[in-house]
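Each chain gets a letter, A, B and so on, in the order its sequence line appears, and its residues count up from 1. Atoms considered below: every heavy atom in the structure, side chains included; atoms not considered: hydrogens, waters and symmetry mates.
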Protein chains: 2
Amino acid sequence: MIRRLPQSRDRGIPEATVARLPLYLRALTGMAERGVATVSSEDLALAAGVNSAKLRKDLSHLGSYGTRGVGYDVEYLIYQISRELGLTQDWAVAIVGIGNLGRALANYGGFVSRGFRVAALFDANPEVVGDHIAGLNVEHIDELEAVIERRGVSIVVIATPAAAAQQICDRVIAVGVTSILNFAPTVLSVPEGVDVRKVDLSIELQILAFHEQRKGDRESGGPVMAEGLQQGASA
Amino acid sequence: MIRRLPQSRDRGIPEATVARLPLYLRALTGMAERGVATVSSEDLALAAGVNSAKLRKDLSHLGSYGTRGVGYDVEYLIYQISRELGLTQDWAVAIVGIGNLGRALANYGGFVSRGFRVAALFDANPEVVGDHIAGLNVEHIDELEAVIERRGVSIVVIATPAAAAQQICDRVIAVGVTSILNFAPTVLSVPEGVDVRKVDLSIELQILAFHEQRKGDRESGGPVMAEGLQQGASA
DNA sequence: ATCCCTTTGTGAACGTATGCACAAAGTGAG
DNA sequence: CTCACTTTGTGCATACGTTCACAAAGGGAT
Ligand SMILES: NC(=O)c1ccc[n+]([C@@H]2O[C@H](COP(=O)([O-])OP(=O)(O)OC[C@H]3O[C@@H](n4cnc5c(N)ncnc54)[C@H](O)[C@@H]3O)[C@@H](O)[C@H]2O)c1
Ligand SMILES: NC(=O)c1ccc[n+]([C@@H]2O[C@H](COP(=O)([O-])OP(=O)(O)OC[C@H]3O[C@@H](n4cnc5c(N)ncnc54)[C@H](O)[C@@H]3O)[C@@H](O)[C@H]2O)c1
């Protein structure tokens, strides 16, 4: 291997790695709070629930921040991962659909903890509009575009019924939003350059049911299946 | 303790495929409701937001249920996928931690729609215990084991603070639960044979932030990377 | 300075997933 | 029947992801 400076500009981090970085970050933050100064790949991997070789390979994509024979400096690694994930800047998030779920999300403290700030709440229901939740006023959905632009919102969380999701999606994309987190159980179609991630309770349960059923099958003499698998990264 | 994942198995459906089956099912259900009798892989793939070759390969793992020149029978395919996922039986689900999120989950109608039935709610807070939510009484966490066994709960949803999650997890596993859906931002450690899936808002936002930051970098002359990617299956 | 111990970073082998491209299989018209 | 047309199911190439295993690097003791 040729040792070169351009290594740091090789910014092609695999998607599977990106999905695990927040996990490492969380484990590291816990360690920092407990006063741990350095950590080995073995220990960090254990805390994050992954294989240590995988962890080392993941971190190697960010650069060479470890010290052989010692491990990684916790604070420094927190900084490097945070920077890579873009958490050293402040992200304004809007939540659309302030029903059961939207309310829970708006009240969720874990949001703010890492660079994310809930900057706007929207709903179509006149009875909900004007409510005060977590120090924010719920705006009418008609104000969507204006408020998003005024407050510099760059990430939108959709928590409306499925029927409204695509329309909300189209509208926020039209004003330049390119990152969407969708809780509605529907497939959003978006132009290239827009990232959609989805959280779908129903799908998770169905996947669990699939494996659960298969465990039961075992008793009736079916083939013994692989088990104990935790879900991995999303690509 | 090396975990072996035997691949050579007859009914071995790839994990990536399993994760997409619920998507197909949802699309098919919508079509059935609109009176569509048959569908081509092309159309179904479009509705589910995947590549049609991938869809055909996924379905081929279940069997050969299509008709060349025609497509798939919608109702029949719904039945086959439902059966494969184990949705033809009834799953009793318990929710632990009836706070903001737990309440939203308990009130969520989409649960029941597909074989899942919320059968028990638990909380440690005396002010919450005894509340009536969605027709269910919130039980004290001390009753966890007894109620789970009595009502035949096989899937547990954890919506407690992170600090309580591992303990709840250990307790439900001790009474035979092997499927857990975890909303708490913590890595659960479980014995082999137990499936844990996690839903983590914070991780999703951080992944979005990573890509969002990268989009901004483009202006400063960084390499233009592939975008527009939607998240894939979790393995 | 030398040796021993620990731990990183990565080459290489293997496993899994994706998507193209096409033969095979089916429909229906004449 | 044959022919034209549609669409499935899959072989194959390629890309991506995981894990093992070990040389190289660093720390510290003597
Ligand atoms: N509650 C859950 O646990 C849960 C779980 C998984 C998925 N989901 C999904 O999340 C979404 C929200 O769930 P919920 O339980 O909060 O539903 P909900 O009905 O309680 O809330 C939906 C809110 O969206 C608002 N709304 C409707 N149309 C709108 C529009 N065009 N613009 C802006 N706001 C609009 C409604 O006024 C309502 O306040 C649904 O798609 C649901 O399927 C919910
Ligand atoms: N609210 C959200 O939008 C959101 C988003 C992502 C993740 N989460 C996570 O989901 C979990 C719940 O979030 P929330 O906002 O509902 O919090 P919450 O504080 O509103 O609710 C937590 C509930 O759990 C109960 N509880 C605490 N210890 C318990 C125990 N040992 N046994 C049983 N019940 C116990 C509490 O009494 C409370 O009712 C947290 O881990 C949170 O980080 C929440």
Side-chain angles (χ1 to χ4, degrees), chain A residues 1-4 7-8 10 12-21 23-24 36-46 48-74 76-77 80 226 228-235, chain B residues 1-9 12-21 23-24 37-46 48-74 76-77 80 225-226 228-235:
Chain A
M1 162 200 161
I2 301 164
R3 177 132 335 158
R4 309 254 339 189
Q7 168 79 8
S8 58
D10 175 27
I13 299 182
E15 195 55 32
T17 294
V18 172
R20 283 187 295 266
L21 290 179
L23 232 51
Y24 305 153
V36 177
T38 63
V39 66
S40 69
S41 63
E42 200 68 47
D43 290 350
L44 182 52
L46 193 74
V50 303
N51 173 298
S52 71
K54 181 152 58 176
L55 179 132
R56 288 196 298 277
K57 190 152 279 186
D58 283 344
L59 294 185
S60 78
H61 290 293
L62 311 191
S64 207
Y65 299 139
T67 305
R68 293 170 192 230
V70 176
Y72 300 89
D73 182 277
V74 173
Y76 187 57
L77 199 50
Q80 289 299 343
L229 62 156
Q230 296 220 2
Q231 94 207 81
S234 20
Chain B
M1 52 141 248
I2 292 163
R3 181 168 306 158
R4 308 176 320 144
L5 299 178
Q7 175 55 26
S8 54
R9 67 227 191 189
I13 299 182
E15 195 55 34
T17 295
V18 173
R20 283 187 294 267
L21 290 179
L23 232 51
Y24 305 152
T38 63
V39 66
S40 69
S41 62
E42 199 69 48
D43 290 351
L44 181 53
L46 194 73
V50 302
N51 172 296
S52 71
K54 182 155 52 179
L55 180 133
R56 287 197 297 277
K57 191 155 282 186
D58 283 344
L59 294 184
S60 78
H61 290 292
L62 311 191
S64 209
Y65 299 139
T67 307
R68 294 173 191 228
V70 176
Y72 301 87
D73 182 276
V74 172
Y76 187 57
L77 199 49
Q80 289 298 343
M225 293 303 307
L229 62 154
Q230 297 222 358
Q231 94 205 80
S234 18

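- In this structure, B/Leu55 places its CG atom 14 Å from C1' of D/dT10, rounding to the nearest Å.
- Looking at residues two or more places apart in sequence or on another chain, you find a side chain to side chain contact (heavy atoms under 4.5 Å, CB included) between B/Lys57 and B/Ser60, B/His61.
- Closest approach to the B/Asn51 side chain among D/dT18, C/dA17, C/dG19 is made by C/dG19 (side chain taken as heavy atoms from C-beta onward).
- Applying the side chain to side chain contact (heavy atoms under 4.5 Å, CB included) test to A/Ser52 and every residue at least two apart in sequence or in another chain returns A/Ser41, A/Glu42, A/Ala45, A/Arg56.
- One can place CG of B/Asp43 at 11 Å from C1' of D/dT7, the figure rounded to the nearest angstrom.
- Atom OH of A/Tyr24 and atom CG of A/Leu77 lie 10.5 Å apart (nearest 0.5 Å).
- The nucleotide whose nearest atom lies closest to any side-chain atom of B/Ser60 is, among D/dG17, D/dG9, C/dG19, D/dG9.
- B/Glu15 has its CD atom 13 Å from the C1' atom of C/dA17, to the nearest Å.
- Atom pair B/Leu44:CG and D/dT6:C1' shows a separation of 17 Å (rounding to whole Å applied).
- Residue A/Lys57 places no side-chain atom within donor-acceptor reach of the base of D/dG17, judged by atom type and a 3.5 Å distance cut-off alone.
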Any protein N or O atoms within reach of nucleotides 5-8 of chain C? Criterion: under 3.5 Å, listing atom names and distances.
{"unit_1": "C/dT7", "atom_1": "O4'", "unit_2": "A/Gly69", "atom_2": "N", "d": "3.0"}
{"unit_1": "C/dT8", "atom_1": "OP1", "unit_2": "A/Ser41", "atom_2": "N", "d": "2.6"}
{"unit_1": "C/dT8", "atom_1": "OP2", "unit_2": "A/Ser41", "atom_2": "OG", "d": "2.5"}
{"unit_1": "C/dT8", "atom_1": "O2", "unit_2": "A/Arg68", "atom_2": "NH1", "d": "2.9"}

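- One distance of note links CG of B/Asp58 with CD1 of B/Ile13; it measures 9.5 Å at 0.5 Å rounding.
- Rounded to an integer number of Å, the gap from A/Gln80 CD to C/dG9 P is 12 Å.
- Taking atom NE2 of residue B/His61 and atom C1' of nucleotide D/dT10, one finds them 10 Å apart after rounding to whole Å.
- Comparing B/Lys54 and A/Ala53, the nucleotide of DNA chain C nearest to each residue sits closer to the 5' end for A/Ala53.
- Atom CG of B/Leu44 and atom CG of B/Leu23 lie 9.5 Å apart (nearest 0.5 Å).
- You'll find the side chain of B/Leu21 reaches within 4.5 Å of the side chain of B/Leu62, heavy atoms only.
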